[in-house]
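Each chain gets a letter, A, B and so on, in the order its sequence line appears, and its residues count up from 1.
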Amino acid sequence: MYKPIFHIDVNSAYLSWEAAYQLENGSSIDLRTIPSVIGGNEKSRHGIVLAKSIPAKKYNIQTGETLFSARSKCPNLVVIPPRYNLYMKCSKAMVDLLTAYSPTIQRYSIDEVFIDCSGALINNTPINLALEIKDRIKEELGFTVNIGISTNKLLAKMASEFEKPDKVHTLFPDEIPTKMWPLPIKDLFMVGSSTKRKLQSKGIMTIGELARCDSSYVYSWLKSHGTLIWNYANGIENSPVRNEQLPMKGLGNSTTLPFDITDARTAHIVLLSLIETVSIRLRVANKCAQVISISLKNNEFISYSHQRKLHTPTDSTNIFYEQAKTLFNECWKGEPLRHLGVHYSHLCSNDFFQLSMFQKQAENQRMLDKTIDNLRIKYGNKSIIRSCFLESGLNPLMGGVLDEEDYPMMSSLL
DNA sequence: TCTGGGGTCCTAGGACCC
DNA sequence: TCTGGGGTCCTAGGACCC
C-alpha cells in the first residue's frame, strides 16, 4: 500500500485571494474574470507583475514582467497592489481547513501545501477525497485550488501543474510515460532557464528524453543537480511530508530604492534601516549570526556582494551596522545604486552567547536593543527611530515585517 | 513610470595546514 | 632546482524555488 501524497496549489494565489476578498466586500466584479494582475508600485520602481488572472494570461502577460510591458500587451489591464497581510490570512485559513484531513501537512510556500493522506482514506478514494477538499476550499474560502495526487511529493507537485484552474489530477508512477515524459524539459521541477539551455544544447527537449539518458552523462554535465533532475525525470523522490519546519539557515532583507543612491552616506542609512529590520527578526527568533553579507545592485542591474565572518556571533544592531559600513566602503565601486540588501547567516542559538557574555559594553548594547524592540512592539515601529532618518526621507525600518502599512516579508510570518 | 523580495543549496577558487 | 596532495575554511557567485 502506497502513501497518497497531495500537493495543493492555489490558482493565481494573490489574484484569487484579492478577488475573493473584493467579492466578499461588495464588489460586483470578479477580478479572475477580467484581464487583471497584482502588481507593485511603479513610482517606487517596484513595477512588476506578481500574479495574473487567466484572461490576462491570454494576452501573454507573464509573472515577473514589468507592468509597463504588461500594459503594452493589454491597455485595459486592471492593476491591483499587493496586500500581503490578506494573503497570510487566506493561506492560514486554507491550512486550518486541511488540518481536519491529516496531521501531516507541510507548508511549502504561502500558496502551496503537501499533505500525506494515509489516514484519511477510510471508505474513500484519493480522487474523491481530493475533490472534496478542493470543493470545500472553494465553497468555504472562496478561491480555487489544483490538487495533484501521487505517491511522492515530486509527482504530486508535477500533477498539480496540469490543467488549471479548479482541477484534481493524478500522476501515479505508471502514468509517468504518458503524462509527464512528453512535457517540455522546462516543465520539470528544478529545471530553470540555465539548465534548460544546457540540456537543449545536448538535444534533450522533453522530460522523457532526460529520463532515458544515461544518468552518468547527466552527472558529467550538471554534477549533483544533474543527478537530482535525472531522478525527478524518472519520478524518483522520497522526501517525507514534514510537519515541523526546518531550522532557519539565514535571513535577510533587501530593497529597491525609489531613486538611485550616489553617495556613501545615504547608502549607510539605507543599510542601517535594513539592519534594524533583520536584527529585530534575528532577536525575535532568539538567534545570533556570525556572517553578515551585503548585496548591491547598480543602475545597470549588475549585482555583487561582500561578506565577512565575525569573530563572535552577535545579535547587536550596532555591531552589524559597523560591519556593514566597512563592507560597503570596501566593495562599492562608486556607481549609482538602485538596490541594497543585508543578509545574516551562520546562525546559532543566543543561549550560549547570553551565558558567555562578560563584556559590560556588549551587555549594555543588548539591553538597549531589547528595550528598543519592546518599545516598538508596544507603541509601534515609528515610536522610536534613529535621528539620522528624521530628515532623510527614508523609511527607518525597510523590509518591514511588523508594520501593517508596509508590505511585510512573507516567509518570516508563515 | 522599465526590470521585487524572500529563501536554500551548490560550486569554484584561494588560503592555509599537515 | 624541477614545482605533491588531501583536507578544511572562507568568499563570491550562480542556480533554483515561491
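- dG14(B) sits 15 Å from dG4(C) when the P atoms are compared, rounded to a whole Å.
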- Query: Does the pair His268(A) and Asn329(A) meet the rule for a side-chain hydrogen bond (donor to acceptor under 3.5 Å, both in side chains), with working shown?
  - Reply: CA-CA 9 Å; His268(A) 290 173; Asn329(A) 296 340; 3.0 Å; yes
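- Summarising the geometry, the separation between CG on Asp111(A) and P on dG5(B) is reported as 19 Å, rounded to the nearest angstrom.
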- Checking ring-ring contact (aromatic ring centres under 6.0 Å, His included) for the pair Phe6(A)/Phe114(A): CA distance, chi angles, key distance, verdict? CA-CA 6 Å; Phe6(A) 289 6; Phe114(A) 290 100; over 10 Å; no
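- Contacts between residues 329-344 of chain A and DNA chain B, defined by a heavy-atom separation under 4.0 Å, are made by Arg338(A), His339(A).
- No engagement by Leu246(A) is indicated, since no non-hydrogen atom pair under 4.0 Å with the nucleic acid exists.
- Closest to the side chain of Thr66(A), out of dG4(B), dC18(C), dT3(B), is dT3(B).
- Atom-to-atom, CD1 of Ile8(A) to P of dC18(C) comes out at 16 Å; the value is rounded to the nearest Å.
- Regarding contacts with the backbone of dT11(B), a side-chain N or O of Ser224(A) is found under 4.0 angstrom from either OP1 or OP2.
- Heavy atoms from other residues, nucleotides or ligands lying under 6.0 Å from NZ of Lys57(A) number 12 at most.
- Ion pairing between a basic and an acidic side chain is recognised when a charged N comes within 4.0 Å of a carboxylate O; Lys134(A) and Glu132(A) show no such pairing.
- Glu330(A) and Lys325(A) are not joined by a salt bridge, as no carboxylate oxygen comes within less than 4.0 angstrom of a charged side-chain nitrogen.
- Rounded to whole Å, the distance from CE on Met88(A) to P on dC18(C) is 18 Å.
- Under the 4.0 Å criterion applied to side-chain N and carboxylate O atoms, Asp166(A) and Lys138(A) are assigned as salt-bridge partners.
- Residue Lys249(A) places at least one side-chain N or O closer than 4.0 Å to OP1 or OP2 of dC9(B).
- A salt bridge links Arg45(A) to Asp260(A): one of the charged nitrogens lies within less than 4.0 Å of a carboxylate oxygen.
- OP1 or OP2 of dG6(B) lies within a sub-4.0 Å distance of a side-chain N or O belonging to Ser254(A).
- Within a 6.0 Å radius of OH in Tyr59(A), other residues, nucleotides and ligands contribute 12 heavy atoms or fewer.
- Within the structure, every side-chain polar atom (N or O) of His225(A) is placed at least 4.0 Å from both OP1 and OP2 of dC16(C).
- Distance, Leu296(A) CG to dT11(C) P: 17 Å, rounded to whole Å.
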- Run the side-chain contact (heavy atoms from CB on, under 4.5 Å) check on Met94(A) and Leu141(A) step by step: do they pass? CA-CA 8 Å; Met94(A) 183 172 81; Leu141(A) 305 178; 4.2 Å; yes
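- Not one side-chain nitrogen or oxygen of Thr255(A) sits closer than 4.0 Å to the OP1 or OP2 atom of dG4(B).
- Electrostatic pairing of Glu18(A) and Arg83(A) counts as a salt bridge here, judged by a charged N lying under 4.0 Å from a carboxylate O.
- Taking a 4.0 Å limit (strictly below) on heavy-atom distances, residues 189-202 of chain A reaches DNA chain C at Phe189(A), Met190(A), Val191(A), Gly192(A), Ser193(A), Ser194(A), Thr195(A).
- Rounded to whole Å, the distance from CG on Leu50(A) to P on dG5(B) is 10 Å.
- Sparse packing is recorded around CG of Asn238(A), with 12 or fewer heavy atoms of other residues, nucleotides or ligands lying under 6.0 Å away.
- In this structure, Lys297(A) does not reach the dG13(C) phosphate: none of its side-chain N or O atoms is under 4.0 Å from OP1 or OP2.
- Mapping Arg71(A) and Ile48(A) onto DNA chain B via the closest heavy atom, the residue that lands nearer the 5' end is Arg71(A).
- For the pair Phe114(A) CZ and dC18(C) P, the interatomic distance rounds to 9 Å; values are reported in whole Å.
- Taking only side-chain nitrogens and oxygens, Lys157(A) never comes nearer than 4.0 Å to OP1 or OP2 of dC17(C).
- Between Asp315(A) and Arg283(A), no side-chain nitrogen of the basic residue sits less than 4.0 Å from a carboxylate oxygen of the acidic one, so the salt-bridge criterion is not met.
- If you measure from atom CG of Leu154(A) to atom P of dC16(C), you get 16 Å, rounded to the nearest angstrom.
- In the set dC2(B), dA12(C), dC17(C), dC17(C) carries the atom at the smallest distance from any side-chain atom of Tyr108(A).
- Between Lys164(A) and Glu161(A) there is a salt bridge, since at least one side-chain N of the basic residue sits less than 4.0 Å from a carboxylate O of the acidic one.
- Nearest-nucleotide assignment on DNA chain B puts the 5′-proximal partner with Arg45(A), out of Met248(A) and Arg45(A).
- Nucleotide dT3(B) holds its C1' atom 19 Å from the CZ atom of Phe259(A), rounded to whole Å.
- An OP1 or OP2 oxygen of dT11(C) is reached within less than 4.0 angstrom by no side-chain nitrogen or oxygen of His306(A).
- Remark: Asn253(A) is in phosphate contact with dG6(B), judged by side-chain N or O atoms under 4.0 Å from OP1 or OP2.
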- Query: With Watson-Crick and G-U wobble geometry limited to distances under 3.5 Å, how should the secondary structure of DNA chain C be encoded in dot-bracket form, using | for bases paired to another strand and [ ] for crossing pairs?
  - Reply: ....||||||||||||||
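- Counting non-hydrogen atoms of other residues, nucleotides and ligands closer than 6.0 Å to OH of Tyr304(A) gives a total above 12.
- Using a 4.0 Å heavy-atom distance criterion, Glu112(A) is classed as a sugar-phosphate-only contact.
- Contact between the side-chain N/O atoms of Lys309(A) and the OP1/OP2 oxygens of dC10(C) is found at a separation under 4.0 Å.
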